[in-house]
Structures are given as structure tokens and as C-alpha cells.
Amino acid sequence: RNQFCSRCIGQSAEQINAFFRKVIQIKQFTEMSKLWEKNTKVNDRIEAYTVGRDREMDLFLAPYDVLGSMAHITMLESVGLLGKQELELLLAELKSIYKIAVSGSFEIEEGVEDVHSQVELMLTRKLGDVGKKIHSGRSRNDQVLVDLKLFARQEIFDTVASLNHLFDVLIAQSNRYKDVLLPGYTHLQVAMPSSFGLWFGAYAESLADDLQTLLSAWNITNRNPLGSAAGYGSSFPLNRQMTTDLLGFSSMNYNVVYAQMGRGKMERTVANAMAGVAATISKLAFDACMYTSQNFGFIKLADEFTTGSSIMPHKKNPDVFELTRAKCNKLQALPQQISMITNNLPSGYFRDLQIIKEVFVPAFGELRDCIEMTAMMMDKVEVKRDILDDKRYDYLFSVEEVNRLVLDGMPFRDAYKKVGLDIEAGQFVPDKNVQHTHEGSIGNLCNDEICAYRNQIMSQFGFEQMELAIQNLLK
């Protein structure tokens, strides 16, 4: 009160009124919670129910919300909806908020509905009326769309990097152990000779195919929905190509109705690609669990990568692979979860879509944990070199004997019958000299070709365009 009174001394009535209007305005900025709220306060339980976990999920989106706003206001200035000085003030403050967001100290205050509201609140507290101008030509519908796309784009980038590291580990191990033979199984019955070169290399090539599906997901994600507003565009002369370029998108979602329909579709498409990666790793985890057991004993994990038992002192359990298998199986359900949320929605925006964030946003971190743990384990795994010396694997070489007889001129069916009868009579003596030379076989792994295939896929992502655009935006 004393401060107010001292400020009023010597001031005209008009100046005093202007001062108190400013004080009230600042108070309103401080207490602002919902961008849409007018005179009626929402019931507290309704608010808690409708917000749900959205504020928690929005913390992941905070840096991307800021980037989207920076591109949007730059475009607004170019079409005359912001002044040059206003743009400079807003960009400077948004860059400060971005630093807070990437440092992990960004918070959505109690009573503030979402990340969009929090960023606008921070701007209006600092800059006053200028902060209120950033939402022109924009809805929270296209705002969250672009946030999610920018988020998913970065997460795909990070996931691809982790996947490439695992690929490199598997190829290195395949080359290292290419001459070490391993039983091959069909129906979990001893079948034909395999090798660790084939085993490691098979999972590497599977990951390369998984990169192919991630590339498709990237291409759908890397399209700009900003400017579609609530899903029906705007009467403002927005320059959507400008925001597309500023954010480093390869193109825009042209049709504004489809841009809104893309909410849920993008997440489902990315989730399908993630599920493919998870399926590869889950299968590898199953193999690893089985191969480390005493009944197989094909590989050995480093002691520091295993856990023990509270009652059995001899146990060295492959818990990492067991948990990886379970987590990856859970991730494979992600596309179905998203489909069940979206599959009975007509066009337009619905609040149902908010729930997708709860399963989609954390999934990237879970998948990368699985990828990185698998890479760590595979890099240090030890293989047994004399597995096929055990007589239980003698029948692995039955097909080799059939093929030798065929090469000597015997018809295949006769050779097959002869070897089968020798086995039944206990007269089969295996020749363990394996001669496989065709592409992709024990003696010709084609690892260089698999690497070339991976590299060709990687060259199509165009991550550099995204990185350069974001660097320029933050200058």
C-alpha cells in the first residue's frame, strides 16, 4: 500500500488509474490458468479428471512447444500480425524458456492446464500484452500436433542412433565368431548346422529392416501440421511454407482437415515401427535366455550382467534379457492401444486423443533402454567354441551327407532314404566338414552387403535438414 501511495504522489488521476490497471493486469497474468476460461470456474473434480496426466506428459513436450511458437511468431511478423520489436522481445524470452525446458527444470504450475498455457503465462508475466499475441492464427489443436511431431521426430532420431550402435555390435560379433558352429533348430528340434556368424548377423539384418519401417514412420512424422488451427484453417494470411522451412519439416500436411486427422495416425504409424524393433529384440532376448541355460550352454554372460538367487547360491540369472523380453512384448501392444483409442472417431478433434500421450510419449525411452541394454550385453557375451563336438548334435549333419551323395550322382530321394535308414540303424557317421558357400550362408555371410543395405536406408532420413533448421531457429 505504501509503495502504491508513494507512486501516486504528484500523479494525475489518469496516470493513477493507468498504474492500477497495470497492477490488475499483472495479477491476471500471474493467476492465468486456462487459455479458454472466461467467467465460469470449472468444478475441481472435473478439472482433475479432464487434465489427467496431461501436465506430466507435457513436460516431455516443453522444448518442442517453444520451438513451434518461435516458428509461428516469426511467421506472424512476416505477415504483419506482429511488430518487429515485438518479435525480438518474444524470441528472446522464448529462447530463455527453451533453455529452462532442455535443462529439465521447466515446470507446469499448479492450476495451469498444459504446456501451452504455461509458456504463454511465462511470456505474459515477463512481457505483458505482447505475450498474448502468440496464439493468433493458432489453436491448441495444431499446437499439440506440431509439438508431438517435433517430439517424435527427435525421438526417432535418438532411437535410430541407438539402433545403429546395436547393429554395429552385432555385425562385429558376427564377423568375430563367423567360423564358430552352432546348432540350428526347427520346432526346437536339432535341425542343421548354423553358426554364431549367422546368429549375430541375422539379428543385425532384422534391425536393418526395422530401420526401413522407422524410415516410413519418419517420413509421415516429418510433415508440418502447424497452421491447420482447430482443423479448419484460419482467415489470417498464414504462411505455412515458412513455418515448414523454419522447423525443418520435409513438407506440410496440406489439407487442414487431414492435418487434424493425422493426430493418432502418426502415433500409430510410429508405434508400429517401434513394435517391429521390439519384436526383433524380444526374439534375441529369448534366444539369449535359452542359450545361457545349462541345458544349452552356448553363450555365457559376464558375471556383472547377471543376478543371483536368495536361496540357490549357484544361480546366475539372465534377468536383463528376461526384463527386456517382457518390456519389448509390452511395446508390441502399443499400436493396438492407440488403435483402440482412435478407431471409432470421426474426423475432427476429440479429447480422446489426449490419452494417446500417456502410452506413446514414454514408449521411446523404454524402447531405447531395451536397445542399449541389449547392445551392452551382446558386446560382452562369450561364446562356446566346441558345441558340436557333443554327440547329441551328430544328426545336424544328416543333410550334409544327403547332399554329398547327391553330388556323387545319387538321386536326392534315394540319398535321403539311405541316410534315414542309416540313422535308424545306428550306422550314421557324420562328416562335420561344412561347405556352405552361397550368399547368406555359413561360409558367405554377406555382412558387407547387409551393412550397405543399412547405410542406404540411413542416407534417406535426412536428419541434417532437421538439425540445421533447429540450430538456425535458436541462433
Side-chain angles (χ1 to χ4, degrees), residues 159-186 188 190-214 276-293 296-302 305-306 318 320-325 328 367-389 393 396 432 434-458:
T159 301
V160 166
S162 295
L163 208 61
N164 268 311
H165 175 59
L166 175 56
F167 176 94
D168 290 339
V169 167
L170 293 170
I171 286 290
Q173 294 290 59
S174 176
N175 288 329
R176 180 181 180 187
Y177 296 115
K178 63 183 179 181
D179 296 323
V180 181
L181 295 183
L182 174 73
Y185 294 85
T186 63
L188 273 182
V190 168
M192 290 179 65
S194 183
S195 71
F196 281 106
L198 282 177
W199 185 65
F200 285 114
Y203 284 106
E205 187 170 359
S206 182
L207 291 177
D209 269 354
D210 294 334
L211 279 172
Q212 192 78 265
T213 58
L214 276 168
V277 177
T280 295
I281 295 175
S282 176
K283 189 180 290 291
L284 174 55
F286 193 128
D287 278 0
C289 289
M290 187 164 63
Y291 288 178
T292 58
S293 72
F296 287 81
F298 299 162
I299 63 175
K300 181 180 182 298
L301 303 179
F305 292 167
T306 62
V320 170
F321 280 123
E322 292 171 354
L323 290 170
T324 297
R325 182 173 57 198
C328 285
L367 179 59
R368 277 201 303 278
D369 280 347
C370 293
I371 295 170
E372 290 163 10
M373 281 291 102
T374 302
M376 183 187 299
M377 303 288 278
M378 287 291 100
D379 188 48
K380 302 296 183 184
V381 72
E382 298 176 22
V383 309
K384 187 176 180 183
R385 292 182 175 271
D386 57 354
I387 298 169
L388 300 192
D389 290 349
Y393 302 120
L396 284 170
K432 298 186 178 182
V434 177
Q435 297 293 331
H436 292 193
T437 58
H438 67 74
E439 296 93 334
S441 64
I442 291 173
N444 184 7
L445 297 174
C446 289
N447 283 346
D448 289 344
E449 288 81 357
I450 293 170
C451 288
Y453 172 59
R454 183 274 305 264
N455 294 341
Q456 185 264 336
I457 296 167
M458 286 299 302

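The minimum heavy-atom distance between Val381 and Tyr177, with the atom names listed, is O-OH, 4.1 Å. Of all heavy-atom pairs spanning Leu181 and Ile387, the tightest one is O-CD1, 4.1 Å. For the residue pair Phe321 and Ala285, the shortest heavy atom distance occurs at O-CB, 3.4 Å. Contact record, Val169 with Ala375: CG1-O, 3.9 Å, taken as the closest heavy-atom pair. Of all heavy-atom pairs spanning Leu301 and Pro318, the tightest one is CD1-CB, 3.9 Å.
In this structure the side chain of Asp379 never reaches within 4.5 angstrom of the side chain of His165, judged on heavy atoms. Side-chain contact between Gln212 and Tyr453 is present, with heavy atoms from C-beta onward closer than 4.5 Å. At least one side-chain heavy atom of Leu284 sits under 4.5 Å from a side-chain heavy atom of Met378. For the pair Met290/Ile299, no side-chain contact is recorded, criterion being any heavy-atom separation below 4.5 Å from C-beta on. In this structure, the side chains of Thr292 and Thr306 stay at 4.5 Å or more apart for every pair of heavy atoms. The shortest distance between side-chain heavy atoms of Phe167 and Ile450 falls below 4.5 Å. Contact check for Met373 versus Leu323: no side-chain heavy atoms found under the 4.5 Å cut-off. Contact check for Thr159 versus Val277: no side-chain heavy atoms found under the 4.5 Å cut-off.
Residue Glu205 holds its CD atom at 11.0 Å from OG1 of Thr280, rounded to the nearest 0.5 Å. The CD1 atom of Ile442 lies 13.5 Å from the NZ atom of Lys178; values are rounded to the nearest 0.5 Å.
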Stepwise, does the side-chain contact (heavy atoms from CB on, under 4.5 Å) test hold for Leu163 with Leu214? CA-CA 11 Å; Leu163 208 61; Leu214 276 168; 3.7 Å; yes

Applying side-chain contact (heavy atoms from CB on, under 4.5 Å) to Tyr203 and Ile281, what does each step give before you reach the verdict? CA-CA 8 Å; Tyr203 284 106; Ile281 295 175; over 6 Å; no

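Around NZ of Lys380, the count of heavy atoms belonging to other residues, nucleotides or ligands within 6.0 Å does not exceed 12. Residue-environment remark: CZ (Phe305) exceeds the threshold of 12 foreign heavy atoms within 6.0 Å. For Lys300, the NZ atom is densely surrounded, since the number of other residues' heavy atoms within 6.0 Å is greater than 12.
Listed by chain and residue number, nothing satisfies the ring pair (Phe, Tyr, Trp, His ring centres under 6.0 Å) test with Tyr393 (two or more places apart in sequence, or in another chain). In this structure, Arg325 has no salt bridge (charged side-chain N to carboxylate O under 4.0 Å, His left out) partners at least two apart in sequence or on a different chain.
Paired with Thr324 under the rule side-chain contact (heavy atoms from CB on, under 4.5 Å), one option of Thr374, Ile371, Asp369 passes, and it is Thr374.
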Can I get a per-line list of side-chain donor-acceptor pairs under 3.5 Å for residues 190-202, giving both atom names and the distance, sequence neighbours left out?
residue	atom	partner	partner atom	Å
Ser195	OG	Gly197	N	3.3
Ser195	OG	Leu198	N	3.0
Trp199	NE1	Asp287	OD2	2.9

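Side-chain contact check for Asn444 and Thr437: no donor-acceptor pair (N or O, by modelled atom type) lies under 3.5 Å. Residues Ser162 and Arg368 have side chains that never bring a donor and an acceptor to within less than 3.5 angstrom of each other.
Checked for salt-bridge contact, Asp389 and Lys384 miss the test: no charged N lies under 4.0 Å from a carboxylate O.
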